[in-house]
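Keep in mind the model is a prediction, meaning the values are calculated, not measured. Lettering follows sequence order; numbering is per chain, from 1.
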Protein chains: 2
Amino acid sequence: MDQPIGVIDSGVGGLTVASELLRQLPKEQLIYLGDTLRCPYGPRPKEEVVQFTWEMVNFLLQKNIKMLVVACNTATAFTLEQLRLELDIPVIGVIQPGARAAIKMSQNMRIGVIGTEGTINSKAYPNALKNINSKILVNDLACPRLVPMVEEGILSGPEAYKVVNETLQPLKEQNHIDTLILGCTHYPLIREIIQEVIGEHVNVISSGEETAREVSTIMGYNKKLYSGDRIPKHQFFTTGRLDVFKRIASQWLDQPFKVVENAVIGINKTN
Amino acid sequence: MDQPIGVIDSGVGGLTVASELLRQLPKEQLIYLGDTLRCPYGPRPKEEVVQFTWEMVNFLLQKNIKMLVVACNTATAFTLEQLRLELDIPVIGVIQPGARAAIKMSQNMRIGVIGTEGTINSKAYPNALKNINSKILVNDLACPRLVPMVEEGILSGPEAYKVVNETLQPLKEQNHIDTLILGCTHYPLIREIIQEVIGEHVNVISSGEETAREVSTIMGYNKKLYSGDRIPKHQFFTTGRLDVFKRIASQWLDQPFKVVENAVIGINKTN
């Protein structure tokens with residue numbers, strides 16, 4: 001099974017998922033496509049997210065991927081079921097893995113979720129959690145200030161702390177959760193601040209780590225992991241500006257390798 | 001998908017897996033069969049383990065299970081591939097989940113494994129780890145004193161600490177691992193002592209928790225989790241003495257419910 005694993009995201013957030021895939025499955029090859037030009041997806045109507053996601057999927061299908069990872073919470077919430085029905089390769093999103101990991105970690109079954117407004121409004125996390133255990137209490141909170149801050153590169157220091165601290169106050173005041181799901185792929189980059197603000201007693205769950213773990217599970221179970229020896233080659237594509245994407249990717253991917261091989265604009269840029 | 005999940009083990013160790021399944025998937029119904037009469041499987045020749053395992057599997061197949069969990073490291077090492085080939089329901093063992101969780105947790109990719117002599121000699125864990133990442137350094141250690149101690153009910157106190165401390169010395173002297181897999185389903189019962197002895201800086205991975213997580217992943221992915229409302233009924237069977245099994249199960253399963261409904265000896269007791 002020497003084909004690559006495909007990863008799609010609305011922009012750069014999915015690089016935290018890609019980074020974990022590279023770390024946990026170092027023999028696998030990745031093809032990543034970030035729709036940086038049309039990012040963010042969060043505020044867009046569902047129909048548009050569905051259309052854009054399919055454009056990305058069709059681009060990767062031409063690359064002969066063996067599996068698709070939807071590394072974007074909004075795209076997962078709106079398209080996962082449809083993609084699974086229509087594609088004949090395994091498709092994994094970022095919501096279920098985070099939900100399952102939270103259930104594993106939580107002792108009191110009071111679970112917090114933070115994400116963009118789109119993700120929180122979709123109720124995808126509460127639905128995923130309660131489908132498995134209807135007694136779980138979910139405290140979810142939209143955090144619209146965090147993605148812009150991360151994209152500006154403010155990942156530490158007093159300003160970042162101040163924004164995170166103000167944002168998470170409603171969760172802190174309830175003060176009962178023992179587990180917090182980072183329901184947005186940007187948030188792992190400020191995980192340490194989030195942990196500090198929410199308290200050391202709270203398990204902080206990164207969708208990226210957990211999604212990579214489930215890719216390993218599903219692909220291992222289906223005997224589709226690469227088992228030979230090779231030096232894997234990864235390809236990263238962006239629909240937007242190559243220099244910007246390269247700069248961010250080189251900051252976000254914490255292992256050294258050629259970050260962007262090229263940037264083919266293979267999808268229809270209608271917006 | 002209202003059928004039960006089947007769990008087999010050579011005896012009582014798999015109850016730690018069952019306990020986690022009940023916690024992480026509270027809507028599911030379990031049927032557990034422990035071959036207490038012929039326990040332990042560890043020192044037995046492979047052919048015998050294969051034969052006994054198939055007898056257990058056939059007993060559970062008559063109960064119309066939708067999935068099989070092999071909650072015994074020895075049985076997993078010797079029969080998992082064969083069971084997967086021959087059964088038309090999903091089959092999950094305890095080795096791959098522990099290996100994948102360790103890879104997720106480890107930062108330095110130096111991973112320790114402790115287990116019975118049978119499991120350690122089978123090299124099932126190093127193989128599973130290195131199949132995914134050939135650069136992982138594995139320190140494995142057979143711990144023949146731990147299962148008898150746990151089965152005697154010595155789960156805490158100075159004697160337990162002394163035995164664990166002496167047993168784990170070879171791992172402590174190497175002092176490089178940042179993650180330790182509990183490669184035997186008995187060990188979660190002495191997890192706190194193991195953590196104390198090996199040090200707080202080491203991630204201790206319980207096969208039980210991780211196997212339950214992967215059951216959730218595989219069954220969720222295949223849309224085979226129960227999603228309705230019901231009060232689940234579990235059945236626990238033993239091939240050995242019902243009173244002994246009941247006593248241990250009531251100690252090990254930390255949530256209150258009827259531990260053993262009945263004990264039908266449905267398999268051929270040749271030994």
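- Both the backbone and the side chain of B:E209 come within less than 4.5 Å of a heavy atom in chain A.
- Contact check on B:R213 versus A:E214 returns a salt bridge, with a Lys/Arg side-chain nitrogen under 4.0 Å from an Asp/Glu carboxylate oxygen.
- Heavy-atom distances place both the backbone and the side chain of A:N133 under 4.5 Å from chain B.
- When B:P97, B:A128, B:P26, B:A212 are compared by the number of non-hydrogen pairs under 4.5 Å with chain A, B:P26 comes out ahead.
- The CZ atom of B:R23 lies 4.5 Å from the CE atom of A:M109; values are rounded to the nearest 0.5 Å.
- Salt bridge status for B:E20 with A:K104: absent, with no side-chain N to carboxylate O gap under 4.0 Å.
- The CD atom of B:Q24 lies 10.5 Å from the OG atom of A:S106; values are rounded to the nearest 0.5 Å.
- Here the CG-OG distance, from A:D229 to B:S134, works out to 5.5 Å after rounding to the nearest 0.5 Å.
- With chain A as partner, the option from B:S227, B:G220, B:G228, B:P90 having the largest number of non-hydrogen pairs under 4.5 angstrom is B:P90.
- Both the backbone and the side chain of A:E210 come within less than 4.5 Å of a heavy atom of chain B.
- Looking at heavy atoms from C-beta onward, A:S216 lies out of side-chain contact with B:I103 at the 4.5 angstrom threshold.
- Interface residue A:A101: backbone and side-chain heavy atoms are both found under 4.5 Å from chain B.
- Within 6.0 Å of CD in B:E86 there are more than 12 heavy atoms belonging to other residues, nucleotides or ligands.
- Contacts between A:K130 and chain B at a heavy-atom distance below 4.5 Å involve the backbone alone (N, CA, C, O).
- Other residues, nucleotides and ligands contribute at most 12 non-hydrogen atoms within 6.0 Å of the CD1 atom of A:I231.
- When the shell of 6.0 Å around CD of A:Q82 is examined, it contains more than 12 heavy atoms from other residues, nucleotides or ligands.
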